[in-house]
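To start, the structure itself, in structure tokens.
Bear in mind that the values here come from a model prediction, so they are computed numbers and not experimental data. Numbers restart at 1 for each chain; the letters A, B, ... are given by sequence-line order, proteins then strands. In what follows, every heavy atom counts, from backbone to side chain, and hydrogens, waters and symmetry copies are set aside.
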Protein chains: 2
Amino acid sequence: MASKDRILRLKEETRTNILDAALRIVKEEGWPALSMRKIADAIEYTAPIIYEYFANKDAILMELTRGGFLILTRDMKAAKEEHKLPEKQLEAMWLAYWSFAFAEKELYQVMFGVDANCCELCEIMPEAEEPSLLVNEAIIQLMAPHQPTEDEVCTKYYTFWSVVHGLISINMVRRNISDDITNEVLKTAISGIIRSIKG
Amino acid sequence: MASKDRILRLKEETRTNILDAALRIVKEEGWPALSMRKIADAIEYTAPIIYEYFANKDAILMELTRGGFLILTRDMKAAKEEHKLPEKQLEAMWLAYWSFAFAEKELYQVMFGVDANCCELCEIMPEAEEPSLLVNEAIIQLMAPHQPTEDEVCTKYYTFWSVVHGLISINMVRRNISDDITNEVLKTAISGIIRSIKG
DNA sequence: TACATTTGCTTAACGCTGTTAAATAATTTA
DNA sequence: TAAATTATTTAACAGCGTTAAGCAAATGTA
């Protein structure tokens with residue numbers, strides 16, 4: 001019955017091939033160019049075969065999104081573990097978040113883009129909550145002397161996220177902003193928020 | 001020759017009808033539901049007629065974008081003129097920006113969404129630069145004692161924009177965030193940046 | 001080995017999209 | 001009234017996501 005295993009392995013491989021092909025197409029030609037027929041072409045099959053592995057195109061995007069959150073979580077976790085002080089951890093994590101956004105630009109777009117990902121992403125995809133959990137731990141540590149309520153922690157989290165995500169969005173559509181200014185905004189904003197937390 | 005005028009007026013009216021219909025469809029059914037045939041249906045014509053008024057679908061989106069910037073500029077200008085102190089002007093303008101984003105959610109999406117609007121929007125559409133000019137005037141006034149360089153003003157501008165745009169983006173895809181927290185983030189972020197400018 | 005069954009994959013099709021060219025209807029001009 | 005121009009529609013193309021039907025190869029069974 002080892003042939004069964006081989007076939008299962010091949011199926012798993014094709015599934016991965018589909019995801020890889022999709023991401024490669026998007027990286028080479030952009031999101032609008034991604035089509036089922038083009039993916040099929042890339043893996044040397046015809047389009048309907050893809051539906052044996054994914055319910056529809058959206059399911060492929062969802063799986064790419066999930067993979068994106070896994071990478072982002074790994075990166076932010078690694079950044080966090082390099083520091084002991086929560087303020088250093090916060091800075092490192094948001095810089096990791098920033099790096100991820102541009103290292104995996106297409107993944108970031110499908111993860112946080114205005115389009116497809118509907119409102120309840122966190123509910124149907126637990127991986128999407130991990131990064132916020134990492135950050136909130138550090139915020140809570142940093143705010144511990146102030147005995148913060150859950151809402152206060154949440155407020156600080158969204159302040160961080162807003163400025164970083166906003167800066168990323170702006171940089172993605174307007175590539176003409178100088179890197180110096182961008183870095184200045186990012187660093188001073190992060191340290192400014194941290195300072196405001198410490199009071 | 002008054003009939004010529006009448007015909008020109010009718011043509012102008014149809015052009016407006018196309019834009020109005022497009023925006024109405026988007027407001028009622030969302031951006032993905034917008035199609036040329038649906039617009040044509042709404043103005044009681046067939047699809048090819050639209051190409052007598054707009055080069056293609058993208059040109060319609062561009063015109064909606066332009067209209068959006070006109071409204072945004074008007075709103076921010078009005079907000080600015082209600083105050084004398086530059087710090088008050090800045091706060092009022094960014095709150096106006098915020099209000100616009102949710103009052104004209106669909107316009108904001110096409111103006112700043114990740115999708116269509118390519119990199120050089122400001123170059124081909126001067127209206128897109130107006131809001132930033134308004135804000136920068138106030139920033140320069142506020143920073144006048146510090147003799148700021150152009151880059152420093154730019155940095156402050158992007159800090160403002162990042163946090164506001166980021167917060168808007170997050171609120172648009174995650175509608176489950178409480179309004180209290182959102183308002184708290186917005187207000188404290190804006191006043192925080194203003195305070196950091198004043199030093 | 002021969003037949004039946006399941007599996008893998010393709011071709012064909014549906015309804016949709018943006019867009020263009022040709023055909024037709026309506027209006028204006030001569 | 002006939003010709004020319006304009007307004008509008010119908011038909012078509014290529015592409016999209018998706019589904020159903022058909023075929024071909026591999027597998028299970030006798």
task = Find out whether A:Leu186 and A:Trp94 are in side-chain contact, i.e. whether some heavy atom of one side chain is under 4.5 Å from a heavy atom of the other.
result =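 Side-chain contact under 4.5 Å: no.
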Output the single nucleotide from [options] whose closest atom is nearest the side chain of [X].
X       : options                : value
B:Arg37 : D:dC16, C:dT17, D:dT8  : C:dT17
A:Pro48 : C:dG8, D:dA20, C:dC9   : D:dA20
A:Ser35 : D:dG17, C:dT19, C:dG18 : D:dG17
B:Met36 : C:dG18, C:dG8, D:dC16  : C:dG18
A:Asn56 : D:dG17, D:dT18, C:dG8  : D:dT18

Determine the contact category for [X]: base if any of its heavy atoms lies under 4.0 Å from a base atom, sugar-phosphate if only primed atoms, P, OP1 or OP2 are that close, otherwise nothing.
X       : result
A:Thr46 : base
A:Leu10 : nothing
B:Tyr51 : base

Rounded to the nearest angstrom, tell me the gap between atom [atom1] in [X] and atom [atom2] in [N].
X       : N      : atom1 : atom2 : value
B:Ile39 : C:dT19 : CD1   : C1'   : 13 Å
B:Tyr45 : D:dT8  : OH    : P     : 4 Å
B:Leu34 : C:dT17 : CG    : P     : 10 Å
A:Phe54 : D:dT18 : CZ    : P     : 13 Å
B:Ile49 : D:dT6  : CD1   : C1'   : 10 Å
A:Asp58 : D:dC16 : CG    : P     : 17 Å
B:Tyr53 : D:dT8  : OH    : C1'   : 10 Å
A:Ile50 : C:dG8  : CD1   : C1'   : 15 Å

task = Output the residues of residues 14-29 of chain B in contact with DNA chain C, where contact means a heavy atom of the residue under 4.0 Å from an atom of the strand; sort by number or write none.
result =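 Result for residues 14-29 of chain B: none.
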ask   = Okay, side chain of A:Glu152, backbone of A:Thr149: is any donor-acceptor separation there less than 3.5 Å?
value =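 Yes; at least one donor-acceptor contact below 3.5 Å.
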Backbone N/O of B:Thr188 and side chain of B:Ser191: donor-acceptor pair under 3.5 Å =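 Yes, B:Ser191 side chain to B:Thr188 backbone: donor-acceptor pair under 3.5 Å.
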query = Is the B:Tyr108 ring parallel, tilted or perpendicular to the B:Tyr97 ring (thresholds 30°, 60°)?
reply =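 Ring orientation, 0 to 90° scale: perpendicular.
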request  = Look at the rings of B:Phe112 and B:Phe69 and say which category their plane angle falls in: under 30° parallel, 30 to 60° tilted, over 60° perpendicular.
outcome  =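 Rings of B:Phe112 and B:Phe69: perpendicular, as their planes differ by over 60°.
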More than 12 heavy atoms of other groups within 6.0 Å of B:Gln147 CD =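 Atom CD in B:Gln147 is not crowded, with 12 or fewer foreign heavy atoms closer than 6.0 Å.
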message = For A:Glu44, is the CD atom crowded, meaning more than 12 foreign heavy atoms sit under 6.0 Å from it?
response =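 No, because the 6.0 Å sphere around CD of A:Glu44 holds 12 heavy atoms or fewer from other groups.
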query = Hey, which of these two, A:Ala55 or A:Lys38, hits DNA chain D nearer its 5' end, going by closest nucleotide?
reply =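 Nearest nucleotide further toward 5': that of A:Lys38.
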